[in-house]
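For reference, the structure discussed in these notes is given below.
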Amino acid sequence: MTLARSADSRLVGNRVLLTLLIAAVASSVLLPFASLSPNRLSSGQPMMLWQALPEWQLTALALIGLALLAATLARPLPRRTSLWLSLIATLSLLGLDFFALGEYAHRALVDASPAARVSQGATFWILLFVSALIAIDALQRLRLGLVKRALFGAAVLAVIGACFSGDLLSPLSIMREFANQKANFVDQLIRHLMLVAGALIPALAIGLPLGLLVNRRDGLRNGLFSMLNVFQTLPSIAVFGLLIAPLSALGRAVPWLGDLGVSGIGVAPAIIALVLYSLLPIVRNTYSGLAGVSAGTLEAARGMGMTPRQILWQVEIPLALPVILSGLRIVTVQAIGLVVVAALIGAGGFGAFIFQGLGQYAIDLVLLGAIPTIVLAVIADFALQILVTLSRPPGTR
Amino acid sequence: MSGTTQGLGRLRAASAGNGVLGVLIVLLVGLTLGMGQLEPLFRALFPDLGNPLYSRDSFLNLMLAHIGLVLMSSLISVTIGVAAGLFVTRPVGREFEPMVSSLAAIGQTFPPAAVLAIAVPLAGFGFAPTIIALSLYGLLPVIQNTIAGLGTVPHTTLEAARGNGMSRWQILRRVELPLAMRVIIAGIRVSVIINIGTATIGSTVGAKSLGTPLIAGLVGNNLAYVIQGALLVGLLAIVTDLLFERLERRYSFGS
């Protein structure tokens, strides 16, 4: 009773939203929204939000801010209405953020030299980030089902897709960099994915049986885990580097291996290192997934007259699957990140753009490598998270 | 009886671990100070190289720069991370807990190398973007483990502490933090180990570290430089990890 009354008398109902709103307003006032530079490599002149946006967009932005402010208050709106309002407002904020940037770039470049470039500024990123956080918070508080959450996700993708579909964003510096590199970009994307797959398939082929083995033979476990653990702590670039000399010697000494592409630089050391890095999470999760199957369950299966093989395939593996898939989730995300570093030894992938860009002081090229890598990692993480959820027995999701 | 043998076995394993750690530390210090003595070895291994020993900077300087980068960023991560973890587990900040937890989880899916690259447009080249990227990235495991560690303290224990008339501050300092310490240290361990690796790549954005000879070797096709840098940074990571393992063990009560 007291609790209910104290909740009623509060002015602010959602302090998380209020904090995010304050951060967004502060960044809009203090940090530039975009920058205009004379050419690709020089740093730009900062453009604040009110300098870059026309009046109607500023008004729209203010309205979105007011809607969000209303959603933070405990009254008069009911709690769920406030949360839905914040979801809709944040979707509009996302769309406006992209639209305003693209539209500004079009206007700013009309009578500028062809070499001039418009780049996104800190406020653009912070508004994007704040939108994402508001949406995450609201979705968590609303406790929506999988279908409604997926629908909201689709709406977000639709807004972003609409912004990228026309040539709204094409005058932006990073998109011009993308246009220059389009064929190369697709190549590197494929290469990045191939390296990840090329590492994960052997890692699974080795790691799953190994996990089963250490589940059956306790004696092997500690030694194997501490060995793989030590490997996990080694910096990836050091491992890539240390593999170069032995592999190039091997490629020279055994000509048919050399013909297969085994050499110090490139794909071979990258794949070997990635497999080794992926083993620990796969083995560990396979082991603990299998170890998590209760003795009573196994007893019951045996009592039903199941053979050990049947117990493994029909009882243990299905029950261990969520944990095994969580291991796969960890190594997939990890491998996507490690492939970036493998670009330093000539394996290709998005890291190639990053390090090429760093070498040329071309920030947009760096971002052209870094942003897709992050997006790729987040998508992989999300997709495998869904898979983990689906692999759980119904009723425990 | 069997308990004693088991205890002895564990003791023997621990002293063997001490031996390994000792050897690795001697190797780390020896190689850092005396890599120059190995020049004939590298010359024999790589006869084609004109200059088989990295000499643009001393390995001691590179090692100290690397440790400095990691130490400074870890200090920032731990301070902010533990403070944030404490804030969201107190009644005042509990509302922020789901958001902070999911932020820490999502943030850790970002590849460290990509975070480092993104810090460049924000902070330019050199020391600053590396420190920013390392501190930000290192923050996440610390926050996550602080929240998790404080969450493992049983309600009955807190109840008992309150019943004993302890103030909130006393409960935090004398009950919650000691019980959560092992998990918090495990988070710091993850954060420091990742940062040792990312600091190596930091040399591509212009921060001096053990990655400097490594990257110079990769770019200039000098395998000897690569090995010298990789060996030292690998040893540094393993030694640090083993030291943390020891520290963690000191805080494991009863288990």
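Chain naming here is simple, since letters A, B, ... match the order of the sequence lines and numbering starts at 1 in each.
- When the shell of 6.0 Å around CZ of Phe46(B) is examined, it contains more than 12 heavy atoms from other residues, nucleotides or ligands.
- Proximity to chain B (any heavy atom under 4.5 Å) is shown, for Leu358(A), by both the backbone and the side chain.
- Residues Phe129(A) and Leu103(B) meet the side-chain proximity criterion, which asks for heavy atoms closer than 4.5 Å.
- Gly197(B) and Pro235(A) get closest at one heavy-atom pair: CA-CB, 3.6 Å.
- Residue Ile330(A): no heavy atom, backbone or side chain, is found under 4.5 Å from chain B.
- In this structure, Ala114(B) and Ile374(A) approach most closely via the heavy-atom pair CB-CG1, 3.8 Å.
- Residue Ile238(B) touches chain A through both its backbone and its side chain, counting heavy-atom pairs closer than 4.5 Å.
- The structure places CG of Leu116(B) at 9.0 Å from CD1 of Ile354(A), a figure rounded to the nearest 0.5 Å.
- Counting heavy-atom neighbours within 6.0 Å of Phe382(A) CZ, excluding the residue itself, gives a total of 12 or less.
- Counting all heavy atoms, side chain and backbone alike, Val226(B) lies closest to Gly241(A) at CG1-CA, 3.4 Å.
- Rounded to the nearest 0.5 Å, atoms CG (Leu234(A)) and CG (Leu236(B)) are 11.0 Å apart.
- For Ile194(B), no part lies near chain A; criterion is any non-hydrogen pair under 4.5 Å.
- Looking at Tyr361(A), both its backbone and its side chain come within 4.5 Å of chain B, counting heavy atoms on both sides.
- Interface remark: Leu344(A) contributes backbone and side-chain atoms alike to the contact with chain B (heavy atom separation under 4.5 Å).
- Interface check for chain B: of the options Val16(A), Asn14(A), Asn229(A), the most heavy-atom pairs under 4.5 Å are formed by Val16(A).
- With rounding to the nearest 0.5 angstrom, the OG1 atom of Thr109(B) is 5.0 Å from the CG atom of Asp381(A).
- Of the two parts of Pro112(B), neither the backbone nor the side chain holds a non-hydrogen atom closer than 4.5 Å to a non-hydrogen atom of chain A.
- The contact between Arg141(A) and chain B is made entirely by side chain atoms (from C-beta outward), counting heavy-atom distances below 4.5 Å.
- Atom CD1 of Ile106(B) is separated from atom CD1 of Ile136(A) by 3.5 Å, given to the nearest 0.5 angstrom.
- Of the atoms belonging to Ile227(B), heavy atoms from both backbone and side chain fall under 4.5 Å from chain A.
- The closest side-chain heavy-atom distance from Val340(A) to Ile201(B) is not below 4.5 Å.
- Contact annotation for Asp364(A): neither backbone nor side-chain heavy atoms come within less than 4.5 Å of a heavy atom of chain B.
- Taking CD1 of Ile118(B) as the start and CD1 of Ile363(A) as the end, the distance is 11.0 Å to the nearest 0.5 Å.
- In this structure, Leu218(B) and Ile244(A) have side chains that are in contact, with non-hydrogen atoms separated by less than 4.5 Å.
- When all heavy atoms of Met99(B) and Leu133(A) are compared, the closest pair comes out as CE-O, 3.3 Å.
- In this structure, Phe96(B) and Thr19(A) have side chains that are in contact, with non-hydrogen atoms separated by less than 4.5 Å.
- Thr373(A) places none of its side-chain heavy atoms less than 4.5 Å from the side chain of Phe110(B).
- To the nearest 0.5 Å, atom CD of residue Glu95(B) and atom CG of residue Leu18(A) are 9.5 Å apart.
- Using a 4.5 Å cut-off between heavy atoms, Asp137(A) contacts chain B through both its backbone and its side chain.
- The greatest number of non-hydrogen atom pairs below 4.5 Å with chain A, out of Pro111(B), Gly217(B), Gly206(B), is found for Pro111(B).
- Heavy-atom contacts from other residues, nucleotides or ligands closer than 6.0 Å to CG of Asn221(B) number 12 or fewer.
- Neither the backbone nor the side chain of Leu242(B) comes within contact range of chain A; no heavy atoms are under 4.5 Å apart.
- Between chain A and the residues Thr200(B), Thr204(B), Asp241(B), Ile193(B), the most heavy-atom pairs under 4.5 angstrom are made by Thr204(B).
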